[in-house]
Protein chains: 2
Amino acid sequence: MPDNALLQTTTTAAGLSRYGQIAAALQAKIVSGAWAPGSAIPAEGALAKEFGIALGTIRQAIAVLVQQGLLERVQGKGTFVRKGLTGASLMRFFRFGRADDAPAVPRSEILSCRAVRLDKAMATRFGLPTGARGLAISRRRWLEDTPRLLESIWLPLPRCEALQQLPPAQWGDLLYPLLGSACGITVHRAVDEVTFRTLAADEASLLSLPDAHPCAVVTRHAFDLGGSCIEYRLTRGDAFAFRYTADVR
Amino acid sequence: MPDNALLQTTTTAAGLSRYGQIAAALQAKIVSGAWAPGSAIPAEGALAKEFGIALGTIRQAIAVLVQQGLLERVQGKGTFVRKGLTGASLMRFFRFGRADDAPAVPRSEILSCRAVRLDKAMATRFGLPTGARGLAISRRRWLEDTPRLLESIWLPLPRCEALQQLPPAQWGDLLYPLLGSACGITVHRAVDEVTFRTLAADEASLLSLPDAHPCAVVTRHAFDLGGSCIEYRLTRGDAFAFRYTADVR
DNA sequence: TAGTGGTCTAGACCACTTG
DNA sequence: AAGTGGTCTAGACCACTAC
């Protein structure tokens with residue numbers, strides 16, 4: 001079918017290759033929720049037929065989204081929409097306890113949770129106007145009988161309204177699964193920045209550490225499937241328990 | 001050519017797909033130095049003919065090595081063997097100076113350099129027997145007129161012998177390019193581990209910081225193209241200048 | 001103009017998973 | 001046995017880089 005060759009010329013039409021356009025179409029399906037996290041997408045053959053393209057091309061489009069972490073291929077079973085982050089991953093920065101084999105989920109204690117007005121910096125992160133409403137949460141996390149981490153969390157309020165209806169006692173230990181079930185938000189990506197300072201008096205007392213003790217501060221921006229920021233979090237923990245491994249190239 | 005279909009059955013023969021085998025062959029060319037860093041490898045068509053396979057298959061093999069960071073494709077020009085790391089990348093952990101726009105290369109001051117016997121842990125890293133010879137280097141790094149980092153570096157000695165012939169004054173500020181030019185070693189990958197502690201008295205004085213000041217410690221294992229460890233490095237710097245960004249998923 | 005990698009096709013068979 | 005993704009082929013044209 002030599003006519004198809006002409007279609008390739010459309011390459012520059014949308015400023016994107018054919019498989020790029022299709023990848024965008026598939027991504028829209030995922031972001032919109034038409035294809036739910038954890039579910040299988042149609043088979044390659046079916047998609048190829050639907051879009052009127054060759055198998056190799058749809059495979060290339062899928063490869064793009066696999067690379068982005070939106071899809072996951074499983075031999076013989078199908079291609080699946082990836083579930084979001086669990087949120088337990090913050091513990092990767094700290095090694096409490098004696099052995100390094102226990103990346104357990106710390107118990108969460110909600111210290112406070114209230115609606116606030118967001119200042120300019122915070123509102124900008126969420127793509128909201130200054131003064132927009134948000135949820136400010138203060139949380140302490142325990143490992144066995146020791147307080148280990150202090151967290152300050154901000155969430156955009158129109159989107160996370162459902163959280164306010166639920167009593168904090170029913171939140172459980174992980175925020176992200178809760179955001180999924182209560183608010184329908186899938187946390188797909190996060191950017192963590194690590195810095196270092198000393199603890200203020202109130203922080204130190206909450207963590208049972210001496211005043212001015214060194215602490216590591218992890219500042220997290222979390223994003224949903226569409227790339228919008230849906231959480232800003234500040235986590236503080238004992239600097240001497242900090243340990244992180246980075247692979248270069 | 002239906003006979004080629006039978007060749008696919010060879011898949012399990014070597015426990016590797018055809019493109020996997022070819023990727024391994026290409027990798028051997030790179031690791032052995034037959035294809036030098038920075039040079040172009042033969043064109044896809046030439047390679048396909050040489051191995052007697054289709055274009056798509058050789059492309060898949062090349063894609064594997066691109067993913068591994070060994071090759072780099074440039075549209076219209078060719079496929080090139082990537083040059084190794086420059087080594088300047090350790091500064092990504094620290095933000096000295098007022099603005100965050102100056103990732104300058106700090107000046108290197110060699111404090112000491114001598115041949116030593118490697119203890120068990122160090123020798124094991126280099127794949128050498130306990131007691132093998134190594135080079136122990138102590139280095140201080142300056143930004144403008146301020147000492148910023150303290151480095152302890154260990155290198156395996158049969159391989160890095162050429163360094164001993166060169167007076168440290170001629171080493172320059174970067175170790176990896178030196179390893180390349182003097183010893184023919186390409187540093188392809190490194191693993192950095194970050195922890196925090198306080199400075200010992202001698203360290204503090206060398207860095208013009210108060211005794212017991214908090215410091216970040218970066219422990220680096222560097223590897224050559226063949227995956228052998230060829231450097232162990234311990235870098236210490238002011239914890240309050242530490243800043244690192246990690247992308248999750 | 002020639003050479004390179006980038007995109008796309010149409011169809012084949014292989015390997016894995018499920019019923 | 002049927003369905004899915006994984007591998008491979010043979011050949012076409014497109015887009016970029018050089019000379």
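Protein chains get the first letters and strands the later ones, always in sequence-line order, with residue 1 at the start of each.
- The nearest whole Å value for the distance from the CZ atom in A:F80 to the C1' atom in C:dT18 is 11 Å.
- When the nucleotides C:dG6, C:dT9, C:dA15 are ranked by their closest atom to the side chain of B:Q75, C:dG6 comes out on top.
- Between the CG atom of A:L55 and the P atom of C:dA12 there is a distance of 12 Å, rounded to whole Å.
- Of all nucleotides listed (C:dC8, D:dG5, D:dT7), D:dG5 comes nearest to the side chain of A:T79.
- We find that CD1 of B:I22 is positioned 13 Å from C1' of D:dT9, with the value rounded to whole Å.
- Each end of the helix from C:dT1-D:dA18 to C:dT18-D:dA1 gets its own axis from five base pairs, and the two axes differ in direction by 10°, given to 10 degrees.
- Contact annotation: B:R59 does not reach the phosphate of C:dG5 (side-chain N/O to OP1 or OP2, under 4.0 Å).
- The CZ atom of B:R159 sits 9.0 Å away from atom CG of B:L179, with the distance rounded to the nearest 0.5 Å.
- Of the charged side-chain nitrogens involved, at least one lies within less than 4.0 Å of a carboxylate oxygen, so that B:D192 and B:R220 count as a salt-bridged pair.
- Partners of A:A162 by side-chain contact (heavy atoms from CB on, under 4.5 Å), not counting sequence neighbours, listed by chain and number: A:A182, A:C183.
- If you measure from atom CD1 of B:I58 to atom C1' of C:dT4, you get 15 Å, rounded to the nearest angstrom.
- Under the 30°/60° scheme for interplanar angles, the aromatic rings of A:Y232 and A:H221 are found to stand perpendicular.
- Here the straight-line distance linking atom OG1 of A:T57 with atom CD of A:Q21 works out to 11.5 Å at 0.5 Å rounding.
- Atom-to-atom, NZ of B:K77 to P of C:dG5 comes out at 12 Å; the value is rounded to the nearest Å.
- Distances shown here put a side-chain N or O of B:Q60 below 4.0 Å from the OP1 or OP2 atom of D:dT7.
- No side-chain donor-acceptor contact under 3.5 Å links A:T186 to the backbone of A:H188.
- Within the model, atoms CZ of B:R148 and CH2 of B:W142 stand 10.5 Å from one another, a figure rounded to the nearest 0.5 Å.
- Nearer the 5' end of DNA chain C, as judged by each residue's closest nucleotide, is the contact made by A:A54, out of A:A54 and A:G76.
- At C:dT9, one or more side-chain N or O atoms of A:R18 fall inside 4.0 Å of OP1 or OP2 (strictly under the cut-off).
- Between B:Y244 and B:F242, the ring planes are tilted. Angles from 30° to 60° get that label.
- B:R73 has its CZ atom 11 Å from the C1' atom of C:dT4, to the nearest Å.
- The closest donor-acceptor contact from the side chain of B:S181 to the backbone of B:P177 lies under 3.5 Å.
- Across all strands, A:I53 comes closer than 4.0 Å only to sugar-phosphate atoms, never to a base (heavy-atom distances).
- Interface residues of residues 41-50 of chain A facing DNA chain D, ordered by number: A:A43, A:E44; criterion, heavy-atom separation under 4.0 Å.
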